[in-house]
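In the text below, chain A, chain B and the rest are named by the order of the sequence lines, each starting its count at 1. Note that the coordinates shown come from a computational prediction; the quantities given were computed from them, not determined experimentally.
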Number of protein chains: 2
Amino acid sequence: MSRTKKNQESTILDIAAALQLSPATISRALNNNPNVTPATRKKVTEMAGQLGYRRNNMALGLRNNKTHTIGLIVPRISMFFHAEAITMMQNALYEKGYNLIISQSNDSPEMERRLVDTMYSSRVDALIVSCTLDTQDFSHFDVFADNDIPLIFYDRVPPAFDGALIIRGDDFQGGYLAGTHLAETGCKRIAHISGPLTTNLYRDRSAGFFKALKAAGLPVYEHLVFYQPLTYDNTRTALKKMFEHREKPDAVFTANDTAAIAVHEFARENGLEIPRQLKIVGYSNDPRCAIIRPAITSVEQFPGKMGSKVVEALMQMLAADRETALNEPITIPVQLIRRMST
Amino acid sequence: MSRTKKNQESTILDIAAALQLSPATISRALNNNPNVTPATRKKVTEMAGQLGYRRNNMALGLRNNKTHTIGLIVPRISMFFHAEAITMMQNALYEKGYNLIISQSNDSPEMERRLVDTMYSSRVDALIVSCTLDTQDFSHFDVFADNDIPLIFYDRVPPAFDGALIIRGDDFQGGYLAGTHLAETGCKRIAHISGPLTTNLYRDRSAGFFKALKAAGLPVYEHLVFYQPLTYDNTRTALKKMFEHREKPDAVFTANDTAAIAVHEFARENGLEIPRQLKIVGYSNDPRCAIIRPAITSVEQFPGKMGSKVVEALMQMLAADRETALNEPITIPVQLIRRMST
DNA sequence: TTGTAGGCGTTATCAA
DNA sequence: TTGATAACGCCTACAA
């Protein structure tokens, strides 16, 4: 590790002093302002390098009232869907000269509220959010709308929000595709394990699913439908109940992939052959669905596409002279990925 | 969405004006300075709420030369190991009043370099890094060391770095455990698919593995050892070569889990029964290892523990009056998780 | 207990 | 083309 000790924390004033120039000139030179001699610019850049100068973003932000930083709040970055979407957004934003501050709410509304506050305190130029499952009250986002700071919700979104753009997957269609597919493969008693209906994501997936059943002339069995947090354990409990019943299901549509995998394991443990005795369709197309055997059919949400769309819309919002804002919700298409489980 | 329009961007001056007080008093009241009447404090807090005041972190940072923000750079957040570690760090840091800025280098040294610069420009109070696989030159991190800003490397770390703390898993031990375990289960020709030896992570895992073989009196077969980027495709190619050879392996130790899963699929496709004909040990204990059947034995690195350790050390560094800095590298123990693949 | 004033690093405006 | 100056929002000696 041989390194030459640079001066600590040099500022444009240091460069100015070293070069017998005014700070203003240094600033101009560093910012490619045309009104500066090439010779001066050269001197300045060199000295900046020598002194190890790096622009102080806080001073810049304070002065310009722009941080070139976008805030992002997601439930958890470990979810495949979000990891993919984030990667896409971060890359796209970086290309445009923006930084991304990522934070996780851990699915806690309280944490989400604190994070929104922090993001505002940091004066991010815009905020991108995928809400907590339990976020019912969205008033903590008002600061952004009130101050005309671009606000975009994606995936887990509020039912409506004045002053924010909403981008979501076509959950209704996803549920419909799943239901239709299972009906077409000849299933008669299709179970449905969904999340809490307070989240419109799940509400829509379920609605699409039921519509498909109806279209196929299949009944909905009360005892085969569950609305509950889609944890592994909850799913197991639901399955146990179903299979203790006289009329057992011949297929299960779960509103996420964690639940689908729980069904998969349950089937294996109880000697149910997939797909002959039990078919499974999950949601999100998590990579685990492709690895498990037999592989699980799932609804692809194209997280990357959603990420691109978010950034694209964001750029428009940032460029727009207020009031031009686009506010129509955007829907991203989904696709059923068929695998061995059906 | 009924919301009462708050004043735009109010500052302590606005509060001061509204209350006929000086900005200084407002500042003190808001910061719980004891020298302020309870009555005044109450008035101030109320007015702050009414005006929708939020402290401007940039002004604060500029003034105090502290941002209470920690930077983090990882190859990709989607890697299970990092997702876990990050979650732990973020929660721990948030408790301590710090924010975490996360960004991904996408395993590109160029991107890493740019991110380090950005982090410095944002004047983060400290930087936490897990390097790119290809980072050979670590000079871009010098800014932090030169300016006495706490710098911590974890997991993928430089061989040594003056002025930075290094925290890593016990890779040598991990490799040793894997080798010993396979030897104990009676394997005679153990293949090894490792990453490029330019990364000391892989160098150590391999070294530990070879030491175990030696201790067990087993030979190392040249044609069964590969050093290459651990992608799915590379691994398949390596396997193909191995199995075209006369002396086929009866076990494979891969230096990560993606490769282990590739081996698993290869075995299945070629009718090799796991574990009877081929045993597999991976590295990192990715959740996929537990889901696949037969489940794959892997080396657990305790990402959460590493995350906690990082934050713990960081807090000490931030509190320390320079020079007291702890610089001894820290090693986190590993553990072999035995599953059906062995 | 409260007020005054200066400065953190940068850039925009105006003047030279 | 360059320089002087003020201002962004906040905090903290120091003074009252």
Side-chain angles (χ1 to χ4, degrees), chain A residues 7-45 47-48 51-69 117-118 120-125 143 147 149, chain B residues 7-45 47-48 51-69 118 120-125 143 147:
Chain A
N7 286 5
Q8 312 264 107
E9 284 275 12
S10 35
T11 73
I12 51 171
L13 273 84
D14 297 323
I15 304 180
L19 253 35
Q20 309 266 53
L21 284 169
S22 83
T25 305
I26 310 299
S27 173
R28 281 188 282 255
L30 257 23
N31 289 294
N32 293 319
N33 183 310
N35 293 330
V36 70
T37 337
T40 310
R41 189 187 314 287
K42 183 152 176 289
K43 274 197 300 186
V44 172
T45 355
M47 183 55 76
L51 297 177
Y53 168 81
R54 322 268 166 145
R55 184 204 253 118
N56 183 323
N57 278 345
M58 286 179 303
L60 189 66
L62 188 57
R63 172 68 231 235
N64 288 352
N65 209 25
K66 282 231 161 297
T67 54
H68 287 273
T69 296
D117 252 47
T118 305
Y120 182 78
S121 282
S122 298
R123 297 296 190 272
V124 291
D125 287 348
V143 217
N147 287 286
I149 302 169
Chain B
N7 286 3
Q8 313 262 111
E9 284 273 15
S10 34
T11 73
I12 52 172
L13 273 85
D14 298 322
I15 304 179
L19 254 34
Q20 309 266 50
L21 283 170
S22 83
T25 306
I26 311 300
S27 173
R28 281 187 281 254
L30 257 23
N31 290 295
N32 293 321
N33 182 310
N35 292 330
V36 68
T37 337
T40 310
R41 191 188 311 287
K42 183 150 175 288
K43 276 197 298 184
V44 172
T45 352
M47 183 56 75
L51 296 177
Y53 168 81
R54 322 268 166 144
R55 184 203 254 121
N56 183 322
N57 277 345
M58 286 177 303
L60 191 66
L62 187 57
R63 170 67 231 244
N64 289 353
N65 207 26
K66 281 230 161 298
T67 54
H68 286 274
T69 296
T118 305
Y120 182 78
S121 281
S122 297
R123 298 296 190 271
V124 291
D125 287 348
V143 218
N147 287 286

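If you check every strand for non-hydrogen atoms under 4.0 Å, A:I12 touches a base.
Applying the side-chain hydrogen bond (donor to acceptor under 3.5 Å, both in side chains) rule to B:R123 yields the partners A:E9; only residues at least two apart in sequence or on another chain are considered. Under the side chain to side chain contact (heavy atoms under 4.5 Å, CB included) criterion, A:S22 pairs with A:A24, A:T25, not counting sequence neighbours. Residues passing the side chain to side chain contact (heavy atoms under 4.5 Å, CB included) test with A:A18 are A:M47, sequence neighbours excluded. For A:S121, there are no side-chain hydrogen bond (donor to acceptor under 3.5 Å, both in side chains) partners at least two apart in sequence or on another chain.
Rounded to an integer number of Å, the gap from B:E9 CD to D:dC8 P is 12 Å. What separates CZ of B:R55 from P of D:dC10 is a distance of 9 Å, to the nearest Å. Atom CG in B:L13 sits roughly 12 Å away from atom P in C:dT4 (whole-Å rounding). If you take CG of A:L19 and C1' of D:dT2, they are 13 Å apart, rounded to a whole angstrom. Counting to the nearest Å, the P atom of C:dA12 and the CG atom of A:L62 are 13 Å from each other. Atom CE of A:M58 is separated from atom C1' of D:dA7 by 17 Å (rounded to the nearest Å). At whole-Å resolution of the value, CG in A:L21 and P in D:dA4 are 10 Å apart. Rounded to whole Å, atom P of C:dC8 lies 11 Å from atom CG of A:D14.
Interface residues of residues 25-40 of chain B facing DNA chain D, ordered by number: B:S27, B:R28, B:N31; criterion, heavy-atom separation under 4.0 Å.
To the nearest 0.5 angstrom, A:I26 atom CD1 is 8.5 Å from A:K43 atom NZ.
The shortest distance between the side-chain N/O atoms of A:T11 and the OP1/OP2 oxygens of C:dG9 is not below 4.0 Å.
Residue A:A59 places its side chain closer to C:dG9 than to any other of D:dC10, C:dG9, D:dA4.
When each of B:Q20 and B:N65 is assigned the nucleotide of DNA chain C bearing its nearest heavy atom, the one mapping closer to the 5' terminus is B:Q20.
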Given the rule in the side chain to side chain contact (heavy atoms under 4.5 Å, CB included) test, do A:T67 and B:M58 qualify, once you have shown the distances and angles that lead to the verdict? CA-CA 9 Å; A:T67 54; B:M58 286 177 303; 3.3 Å; yes

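Residue pairs meeting the salt bridge (charged side-chain N to carboxylate O under 4.0 Å, His left out) criterion with at least one member in residues 29-42 of chain A, sequence neighbours excluded: A:K42-A:E46.
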